[in-house]
Amino acid sequence: MSEIARIGRNPPYVLSFILFVIVSIILAVIDNFPAIVVLRFLQGFFGSPSLASGGASIQDLFSLIDAPYGFISWVTGFYCGPALGPLLAAYAVTSDWRWPLWEIVLMGAPLLLVIVCLLPETSHETILHRRAQRLRRFHPAVLAPAETKRLDFKVILIDALIKPIEIAVKDPAIAYMCVYSALVYGIYYSFFEAFPITYGGIYQMPQTMLSLIYLSLIVGCALAAVLYAAYLKYIFIPRCHNGNPSQEDRLIPALAAVWLLTAGLFMFAWAARRSVHWIVPTIGIVIYSGSSFVVFQAIIVYVPLSYPRYVASLYAANDFIRSIIAAGFVMFARYMYLDLGIGKGVTVLAGLSVGGIFGMIFIYLYGARLRARSKFAVGD
Amino acid sequence: MQYILEIEHLLTDTSVYTFIVYCGSSIFIPSYEFMMRRYSVSLEVVQLTLAIYVVGCEFLPLLTSGPPYVKVLIQNRRCRPFDLLAIE
């Protein structure tokens, strides 16, 4: 929808965000459990364009070489958001458990004003379309590129719903990216169960103090963002100007990060016991969160390069798989950690992430050959 | 200059937007015990409020994302998006 020139990117943003704020307000005043569950679904539903169209808007504004810079702030937003949530709520919840819900409204309403008044339209086709409309007053023959081709609803639907699945099934690189990012994201959400058990149970921290531990996720993310930006500025972008780096070169930071990610998880798993100071598993979390930030960055820049035509749909499919798996982790993680204990439970997840290391190396080495065989991919 | 401002603006807007939406997912966790007492439901039922939010986050993109737009960028590898717009 956001790809249709007549509409542009902004109306879906603005409309869904208005609904998001309205649902948040209703959620904060309603007193009925089933209604809360339904409204939570709607809240997530209306908040979702930020993720899909956000990436598209950023790609509108940046050249291919600079796009990773744009993604840094955006990925930081979606990565730090869940980590700050418990902290924002933990101190407010002691007076009234509805405060967290009001906090969403408090954060959302000012941004809504800004978005409604100031958000610039970025879709090239929409801007050209509007310009053509203005010019037509004097030169009736002017047509925007979007007006010369006809939109076929069936083609759009197939592109949006069928193609991503087909690509994911036929191209192992994309399938791997989907599964691995889903696993990393699922592990991240399972921390919301692991932290209370580890820091509340083993280290006997109260709820408020425990929620401060989530800051370690943000520390890791911030460190990784700085290092990654430095890598782009001093190593990667100079290389781009000297010669054309191959597409797989964009995975180089992730090649290091996949190892660190697993190492951080093992560190958290094996150090989380009373005889070890609590800072040690927390450092493991910092390593995990920093390296998974880099992995997400690499995936986000790698995927669109091979499938420019289907990129929005691919992001959407990737998000879909990731969220379904994260939701699953939310439901089962607690029982896994209670049955196996934190040490063994996280070791299981870390063991799964070892598979990701081999996958990343494989794609770095053979990705070009895989793309050559795929009929959807765009050659170099 | 105006372009740079616009880029900064859009980046902060989309990032803050994304931040709020994702913050909204986990912000409810500390309320779990209170809700369990208030509505006398078990923990796994309360956890649904997080799981279903995360699921909800993904339905709209599936419907709203569609076909080509980066094609223009790819075809003009050397060309920045704003170069396209500067032709008036």
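Throughout, protein chains are lettered first and strands after them, A, B, ... in sequence-line order, and every chain is numbered starting at 1.
Contacts between B:Ile29 and chain A at a heavy-atom distance below 4.5 Å involve the side chain alone, from C-beta outward. Neither the backbone nor the side chain of A:Tyr79 comes within contact range of chain B, judged by heavy atoms closer than 4.5 Å. For A:Gln43, the parts lying under 4.5 angstrom from a heavy atom of chain B are both the backbone and the side chain. Contacts of A:Leu84 with chain B are made by both backbone and side-chain atoms, with heavy-atom separations under 4.5 Å. Contact of B:Val45 with chain A is made through backbone and side chain together, with heavy-atom distances under 4.5 Å. For A:Tyr69, no part lies under 4.5 angstrom from a heavy atom of chain B.
Among the candidates A:Val75, A:Leu112, A:Ile104, A:Ile324, the residue making the largest number of heavy-atom pairs closer than 4.5 Å to chain B is A:Ile104. Put simply, of A:Asp96, A:Leu210, A:Ile115, the one with the most heavy-atom pairs under 4.5 Å next to chain B is A:Ile115. When the candidates A:Pro196, A:Pro100, A:Pro82 are compared by the number of heavy-atom contacts under 4.5 Å with chain B, A:Pro82 comes out ahead.
For the pair B:Ser26/A:Phe192, a side-chain contact is recorded, criterion being any heavy-atom separation below 4.5 Å from C-beta on. The side-chain heavy atoms of B:Val55 and A:Ser323, taken from C-beta on, include no pair separated by under 4.5 Å. Between A:Arg334 and B:Leu43, some side-chain heavy-atom pair lies under the 4.5 Å cut-off. Looking only at side-chain heavy atoms (C-beta outward), B:Glu44 and A:Tyr335 come within less than 4.5 Å of each other.
Taking each heavy atom of B:Cys23 and A:Leu88 in turn, the nearest pair found is SG-CD1, 3.7 Å. For the residue pair B:Ala51 and A:Ala327, the shortest heavy atom distance occurs at O-CB, 3.6 Å.
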Open item on the list: If you apply the rule side chain to side chain contact (heavy atoms under 4.5 Å, CB included), what do you find for B:Val21 with A:Phe46, and how did you get there?
Closed with: CA-CA 9 Å; B:Val21 170; A:Phe46 291 127; over 6 Å; no

Task: Stepwise side chain to side chain contact (heavy atoms under 4.5 Å, CB included) test for B:Val16 and A:Met107 - done: CA-CA 9 Å; B:Val16 174; A:Met107 289 190 290; over 6 Å; no

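In this structure, B:Phe28 and A:Trp97 have tilted ring planes: the angle between them lies in the 30° to 60° band. Aromatic ring orientation, A:Phe33 versus B:Tyr39: tilted (interplanar angle from 30° to 60°).
Remark: A:Leu106 CG to B:Ile20 CD1 distance equals 10.5 Å, nearest 0.5 Å. Between atom CG of residue A:Leu101 and atom OG1 of residue B:Thr49 there is a gap of 9.0 Å, rounded to the nearest 0.5 Å. Distance check, rounded to the nearest 0.5 Å: CE of B:Met35 to CZ of A:Arg98 gives 9.0 Å.
The distance between the ring centers of B:Tyr17 and A:Phe17 falls below 6.0 angstrom.
Applying the side chain to side chain donor-acceptor pair (under 3.5 Å) criterion to A:Tyr214, with sequence neighbours excluded, gives no partner residue.
Between the side chain of A:Arg40 and the main chain of B:Ser25, a donor-acceptor pair closer than 3.5 Å is present.
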